[in-house]
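I have placed the structure first, in the form of structure tokens, so that the comments after it can refer back to it.
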Amino acid sequence: MRKVLITGFEPFGGASINPALEAVKQLDGLQLNGGKVVTCEVPVTRYDAIKAITKAIQAHKPSFVITVGQAAGRNAITPERVAINIDDFRIPDNGGNQPIDEPIDEDGPDAYFSTLPIKAITRAMQEKGIPCTVSNTAGTFVCNHVFYGVQHFLRDTDIGHGFIHIPLLPEQAAATDQPSMSLETIVEGLKVAAQATLDNKHDIAVGAGKIC
């Protein structure tokens with residue numbers, strides 16, 4: 001049985017919850033058509049985040065990896081197209097690191113494209129009535145760091161990987177007048193993403209291509 005590893009970040013920036021982790025808790029062990037979900041909690045700390053995910057990859061040996069993080073201000077679930085080779089943290093991570101304009105990997109390419117079928121994922125969510133659109137920027141914080149770092153780790157494998165941003169939960173957004181999405185909808189969206197990934201493994205626009 002193929003496995004889909006879905007990872008979610010711990011809370012950061014003084015918050016008490018992170019919707020990515022809350023969703024992952026509900027997805028662990030989910031049986032899919034032709035696969036199963038396994039999960040991993042990820043620290044919001046520059047290098048420790050990638051170490052946690054690569055350890056989970058080595059333990060679970062998944063066919064696909066979906067890394068998930070919150071994106072304040074977004075009103076839809078957004079599969080990311082590209083990760084860039086830069087760390088430029090607007091706030092310190094949970095380890096106190098705040099790199100400014102530093103490469104993630106000095107010898108790595110400028111960017112990596114997602115190797116998930118992001119258009120198929122987007123269509124599948126939209127058909128279920130879940131707001132979803134492809135994003136062309138994963139930012140420059142730990143989300144992008146993980147997206148790039150995991151792609152770099154998997155560059156010589158046939159394991160597909162990509163990053164999906166999700167909106168804030170209503171309780172997070174209430175005091176800031178920002179868009180939000182219910183945890184139920186987020187969980188359903190990630191279920192759809194995992195199944196669409198299994199169903200459309202060859203529907204990857206760019207493949208494992210990197211931008212040199």
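Position 1 is the first residue of the sequence, and the numbers go up from there.
Of all non-hydrogen atoms in Ala194 and Ile6, the two that sit nearest each other are CB-CD1, 4.2 Å. Among all heavy-atom pairs drawn from Ala196 and Ala120, the shortest one is CB-O, 4.2 Å. The shortest heavy-atom contact between Ser180 and Ala173 is CB-CB, 3.8 Å. Here the closest non-hydrogen pair linking Gly160 and Leu116 is C-CD2, 4.0 Å. The two atoms that bring Ala49 and Val146 nearest to each other are CB-CG2, 3.5 Å, heavy atoms only. Residues Thr133 and Thr122 share a closest heavy-atom pair of CA-CG2, 4.0 Å.
Of the possible donor and acceptor atoms, none in the side chain of Glu80 sits under 3.5 Å from a partner among the backbone N and O of Val134. Within the 3.5 Å criterion, the main-chain N or O of Asp88 finds a donor-acceptor partner in the side chain of Thr140. Judged by distance alone, with hydrogens and angles left aside, the side-chain atoms of Thr197 form no donor-acceptor pair with the main-chain N or O of Phe64 at under 3.5 Å.
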Checking side chain to side chain contact (heavy atoms under 4.5 Å, CB included) for the pair Glu41/Thr7: CA distance, chi angles, key distance, verdict? CA-CA 6 Å; Glu41 179 176 346; Thr7 76; over 6 Å; no
Test ring-ring contact (aromatic ring centres under 6.0 Å, His included) applied to His145 and Phe147, step by step: CA-CA 6 Å; His145 181 90; Phe147 187 5; over 10 Å; no
Checking Phe153 against Ile57 for the side chain to side chain contact (heavy atoms under 4.5 Å, CB included) test, could you report, in this order, the C-alpha distance in whole Å, the side-chain angles of both residues, the deciding distance, and whether it holds? CA-CA 10 Å; Phe153 176 76; Ile57 291 169; 4.2 Å; yes
Going through the checks in order, is the side chain to side chain contact (heavy atoms under 4.5 Å, CB included) test met by Ile104 and Ile86? CA-CA 5 Å; Ile104 297 169; Ile86 195 75; 5.8 Å; no
Test side chain to side chain contact (heavy atoms under 4.5 Å, CB included) on Met125 and Ile121; report intermediate values, then the result. CA-CA 6 Å; Met125 283 201 222; Ile121 288 170; 3.7 Å; yes
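Ser114 and His161 form no side-chain donor-acceptor contact under 3.5 Å, judged by distance and modelled atom types alone. Side-chain contact check for Asn94 and Glu10: at least one donor-acceptor pair (N or O, by modelled atom type) lies under 3.5 Å. Between the side chains of Arg81 and Asn136, at least one donor N or O sits under 3.5 Å from an acceptor N or O. Side-chain contact, Asp199 with Gln195: a donor N or O sits under 3.5 Å from an acceptor N or O.
Taking hydrophobic clusters as Ile, Leu, Val, Met, Phe, Trp and Tyr residues chained together by side-chain heavy-atom distances below 4.5 Å, Val37 shares a cluster with Val187. Cluster annotation: Val142 and Val65 are assigned to the same hydrophobic cluster (Ile/Leu/Val/Met/Phe/Trp/Tyr, side-chain heavy-atom contacts under 4.5 Å, transitive). No single ILVMFWY cluster, assembled from side-chain heavy atoms under 4.5 Å apart, contains both Ile66 and Val38. There is a path of hydrophobic side-chain contacts, each under 4.5 Å, that joins Leu190 to Leu169. Hydrophobic clustering, with ILVMFWY side chains joined whenever heavy atoms are under 4.5 angstrom apart, groups Ile91 together with Val44.
Environment of CD in Glu184: sparse, with no more than 12 heavy atoms of neighbouring residues, nucleotides or ligands closer than 6.0 Å. Counting heavy-atom neighbours within 6.0 Å of Asn33 CG, excluding the residue itself, gives a total of 12 or less. Heavy-atom contacts from other residues, nucleotides or ligands closer than 6.0 Å to CG of Asp105 number more than 12.
Remark: of the listed residues Leu168, Ile77, Ile166, Ile77 is the sole one forming a side chain to side chain contact (heavy atoms under 4.5 Å, CB included) with Met181.
By the 4.5 Å heavy-atom criterion applied to side chains, Gln178 and Arg74 are not counted as neighbours. The closest side-chain heavy-atom distance from Pro109 to Tyr112 is below 4.5 Å. Here the side chains of Leu5 and Cys40 are in contact, with some heavy-atom distance below 4.5 Å. A 4.5 Å side-chain heavy-atom check between Phe12 and Asp93 finds every atom pair outside the cut-off.
Of the inter-residue distances, the one linking Ile53 atom CD1 with Phe9 atom CZ reads 6.0 Å to the nearest 0.5 angstrom. One finds the CD1 atom of Ile118 at 9.0 Å from the CZ atom of Phe113 (value rounded to the nearest 0.5 Å). Summarising the geometry, atom CD belonging to Gln70 is positioned 8.5 Å from atom CD1 belonging to Ile17; distances are rounded to the nearest 0.5 Å. For the atom pair CZ of Phe141 and CZ of Arg46, the computed distance is 11.5 Å after rounding to the nearest 0.5 Å. The NZ atom of Lys51 sits 10.5 Å away from the OG1 atom of Thr45 when rounded to the nearest 0.5 Å. Distance check, rounded to the nearest 0.5 Å: OG1 of Thr157 to CD of Gln151 gives 9.0 Å.
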